[in-house]
Amino acid sequence: MDRFCSNLEDDSPSSSNVYWLLFQVLSLIPLWHYLLFAVFILLSFLYNFLELHFLENLFSGFSGSPVSLTYNHSSKIHEAVVSKCKILHGRYFATPWLCSPHLQTLFLNYFGRPPIFKYTRQIFRTQDGGTIALDWLSSSDVSGGACHLDDVASKDESTPIVVVIPGLTSDSSSAYIKHFAYHTTKRGWKVVICNHRGFGGVPITSNFSYNAGWTEDVRTVVNYLHKEKSGAPLFLVGTSIGANILVKYLGEDGENIPVAGAVAVCSPWDLMLGDRFIRRRRVQKLYDSALAVGLQDYAKLHQPHFSRNANWEGIEKSLSVRDFDDHATRIVGKYESVDTYYRRCSSSAYVQSVSIPLLCITALDDPICTTEAIPWDECKANKNIVLATVNHGGHLAFYEGITASGLWWVRAANEFLGIIHSSNYMHVPKKISKPNGPLDLSIDRGPYVNVTEGGMVAALNSDPPTDNVEDTHVIQDAHHDSHE
């Protein structure tokens with residue numbers, strides 16, 4: 001130390017000597033201090049990159065965050081229904097070791113912990129030749145009873161039926177769908193998952209595959225169920241892209257809909273804003289790439305369809321959802337551009353026309369669907385809509401409890417639907433008329449999706465999968481009951 005001090009006195013204050021002296025000073029700091037500092041920097045980076053909220057939970061005493069409700073102050077739906085929902089007036093506490101929207105979302109997709117059961121499959125064929133797999137689940141399926149198609153139509157024809165519309169690349173086998181289906185049927189209700197065309201192990205049998213704004217399949221299935229199960233109240237639950245389809249369908253049909261109530265979970269609302277959001281930050285780009293891969297896998301399962309009706313070379317080179325939509329979705333749907341597709345299929349333009357009780361659930365930290373797209377004012381102006389937001393939850397996850405055994409949104413949705421069912425506010429359909437259109441946007445007057453009209457399909461190109469499905473029954477939509 002004395003020698004070092006003498007060097008400080010003897011050396012001239014040149015630039016090189018200053019740096020040398022600084023190096024000598026830094027060399028006196030123990031190596032483990034540097035390692036500790038590096039670990040701190042790394043943890044800080046990961047904490048911010050993963051958007052962890054452990055410290056927030058710690059400082060709040062792990063009490064969770066309250067559910068924020070946005071609604072019209074003269075809304076009878078809120079006054080008579082939502083006000084009785086204890087879950088929506090409580091607090092949501094995320095699973096402590098999943099204290100990040102990314103951890104929640106990834107855990108749901110890669111682990112999920114779904115309950116184990118088997119659906120009863122019903123093959124539904126649409127008028128244009130499309131094939132839809134309807135996967136049914138009833139209380140006997142989750143209580144150890146025998147599973148037959150006849151069980152779907154139980155002796156009590158007044159048992160409520162919940163129709164579920166899955167997300168972008170999801171189907172009835174997805175973990176969050178199985179969580180909801182299981183817990184809903186445990187309450188004694190029936191659930192039917194309306195898989196998108198080409199999902200659930202069935203082929204695409206027409207020249208059209210679904211998109212984020214294609215409501216005709218849901219409309220056709222709902223009208224069919226309303227006709228065949230006229231004594232059963234129908235409810236709808238849409239998730240992610242399925243929520244966008246749900247809200248758009250509700251807005252299009254307004255009063256002309258045989259649905260008693262609905263729940264939209266993690267809707268993207270505005271596809272244009274969603275497209276910009278998912279390409280904005282590095283972490284969002286990871287989701288964008290992962291979704292693009294999922295869409296490519298879907299296209300590869302139905303390569304003859306996409307090779308014939310879209311740009312197959314472009315599909316194979318797609319690195320983002322927008323790329324896929326440009327080379328496949330907009331071409332199949334006959335949209336002029338990707339932006340035309342996004343504008344015309346965004347459900348935010350239809351919120352004002354929703355005329356049935358609708359609960360919308362979303363997490364403010366959703367890493368896929370941005371909060372910038374939430375139509376706050378439109379939801380507040382509509383007396384039929386209640387928007388429930390929580391600070392955390394990720395995309396379709398909302399895990400709760402130490403063991404992450406349950407999804408909060410599943411409990412909230414079931415409570416809301418149960419109270420709607422027992423109230424006097426279930427929607428009763430009015431006369432059927434032409435569906436509503438979106439707000440008139442002068443910037444774009446592109447066409448809606450056009451579907452080639454065709455005859456009925458005589459047979460499927462492949463057998464439906466046997467995993468998670470026991471019986472299969474084929475129904476043809478010979479009398480197209482949708483709006484003309």
Side-chain angles (χ1 to χ4, degrees), residues 117-142 147-154 157 159-167 169-174 176-178 180-182 184-185 189-206 208-210 214-239 241-242 245-246 249 257-259 262 456-457 459-482:
F117 56 79
K118 287 192 174 183
Y119 295 103
T120 299
R121 170 149 294 182
Q122 176 183 355
I123 298 299
F124 187 89
R125 295 174 182 167
T126 63
Q127 190 182 45
D128 73 299
T131 302
I132 303 172
L134 301 179
D135 287 333
W136 288 85
L137 193 70
S138 61
S139 57
S140 62
D141 300 323
V142 297
C147 180
H148 301 288
L149 187 66
D150 293 339
D151 292 337
V152 172
S154 66
E157 292 296 333
T159 301
I161 299 174
V162 182
V163 182
V164 181
I165 312 171
T169 56
S170 302
D171 58 19
S172 58
S173 65
S174 299
Y176 69 90
I177 297 289
K178 299 187 77 172
F180 177 79
Y182 177 83
T184 303
T185 53
W189 289 21
K190 301 173 187 175
V191 174
V192 54
I193 289 77
C194 181
N195 293 291
H196 301 298
R197 298 186 182 202
F199 282 91
V202 299
I204 296 177
T205 55
S206 71
F208 181 74
S209 50
Y210 94 104
W214 177 246
T215 58
E216 191 61 21
D217 285 347
V218 175
R219 181 179 292 108
T220 302
V221 169
V222 167
N223 288 342
Y224 159 75
L225 293 176
H226 176 61
K227 180 180 179 180
E228 296 296 318
K229 320 285 184 183
S230 57
L234 294 179
F235 297 91
L236 291 182
V237 172
T239 57
I241 287 296
I245 294 173
L246 165 64
Y249 163 54
I257 186 170
V259 176
M456 300 304 303
V457 178
L460 294 177
N461 294 333
S462 63
D463 295 327
T466 56
D467 292 344
N468 300 319
V469 178
E470 289 196 347
D471 289 339
T472 300
H473 188 66
V474 179
I475 294 292
Q476 291 187 345
D477 179 29
H479 303 288
H480 192 53
D481 292 327
S482 60

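Counting from 1, the numbers follow the sequence of the chain as shown.
- Distance check, rounded to the nearest 0.5 Å: OH of Tyr119 to NZ of Lys178 gives 6.0 Å.
- Interatomic distance, Ile132 CD1 to Arg125 CZ, rounded to the nearest 0.5 Å: 12.0 Å.
- Annotation: side chain of Asp217 is not in contact with side chain of Phe124 (no heavy-atom distance under 4.5 Å).
- Nearest heavy atom pair, residue Val237 against residue Leu246, reads C-CD2, 4.3 Å.
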Dump the intermediate steps for salt bridge (Lys or Arg N to Asp or Glu O under 4.0 Å) on Asp141 and Lys118, then the final yes or no. CA-CA 7 Å; Asp141 300 323; Lys118 287 192 174 183; over 6 Å; no
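- Side-chain contact annotation: Arg197 with Ser206, donor-acceptor N/O pair under 3.5 Å present.
- Counting heavy atoms from C-beta on, the side chains of Ile177 and Asp171 never come closer than 4.5 Å.
- Contact check for Asn195 versus Leu134: no side-chain heavy atoms found under the 4.5 Å cut-off.
- Across every non-hydrogen atom of Thr205 and Gly129, the tightest pair is OG1-O, 2.6 Å.
- Counting only heavy atoms from C-beta outward, the side chains of Pro166 and Phe199 never approach each other to under 4.5 Å.
- Minimum interatomic distance between Ser209 and Ile204 (heavy atoms only, all atoms of both residues): CB-CD1, 3.8 Å.
- A 4.5 Å side-chain heavy-atom check between Leu236 and Val162 finds every atom pair outside the cut-off.
- Looking only at side-chain heavy atoms (C-beta outward), Trp214 and Ile245 stay at 4.5 Å or farther from each other.
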side-chain contact (heavy atoms from CB on, under 4.5 Å) assessment of Val191 paired with Ile193: CA-CA 7 Å; Val191 174; Ile193 289 77; 3.7 Å; yes
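- Heavy atoms only, all atoms of each residue included: Tyr176 and Gly167 are closest at OH-N, 3.1 Å.
- Considering Leu225, Leu234, Thr120, Leu137 as possible partners of Val192, the one that fulfils the side chain to side chain contact (heavy atoms under 4.5 Å, CB included) test is Leu225.
- Counting heavy atoms from C-beta outward, Trp136 and Ile161 have side chains that approach closer than 4.5 Å.
- Judged purely by atom type and a 3.5 angstrom limit, Ser174 has no side-chain atom pairing as donor or acceptor with the backbone of Ser170.
- Taking Tyr210 as the reference, nothing meets the side chain to side chain donor-acceptor pair (under 3.5 Å) condition, with sequence neighbours excluded.
- How far NE2 of His196 is from OG1 of Thr169: 9.0 Å, rounded to the nearest 0.5 Å.
- The shortest non-hydrogen separation linking Val163 to Cys194 is CG1-CB, 4.1 Å.
- Residues Glu216 and Asp128 form no side-chain contact, since every pair of their non-hydrogen atoms from C-beta on lies 4.5 Å or further apart.
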Let me see the working for Thr239 and Ile165 under side-chain contact (heavy atoms from CB on, under 4.5 Å), right down to the final yes or no. CA-CA 6 Å; Thr239 57; Ile165 312 171; over 6 Å; no
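- Between Phe180 and Tyr182, the ring center distance fails the sub-6.0 Å criterion.
- Of the possible polar contacts, none joining the Ser172 side chain to the Asp135 backbone as a donor-acceptor pair under 3.5 Å is found.
- The closest side-chain donor-acceptor pair between Thr185 and Ser138, if any, does not fall under 3.5 angstrom.
- For the atom pair NE2 of His226 and CZ of Arg219, the computed distance is 14.5 Å after rounding to the nearest 0.5 Å.
- Expressed to the nearest 0.5 Å, how far NZ of Lys190 lies from CZ of Phe235 amounts to 13.5 Å.
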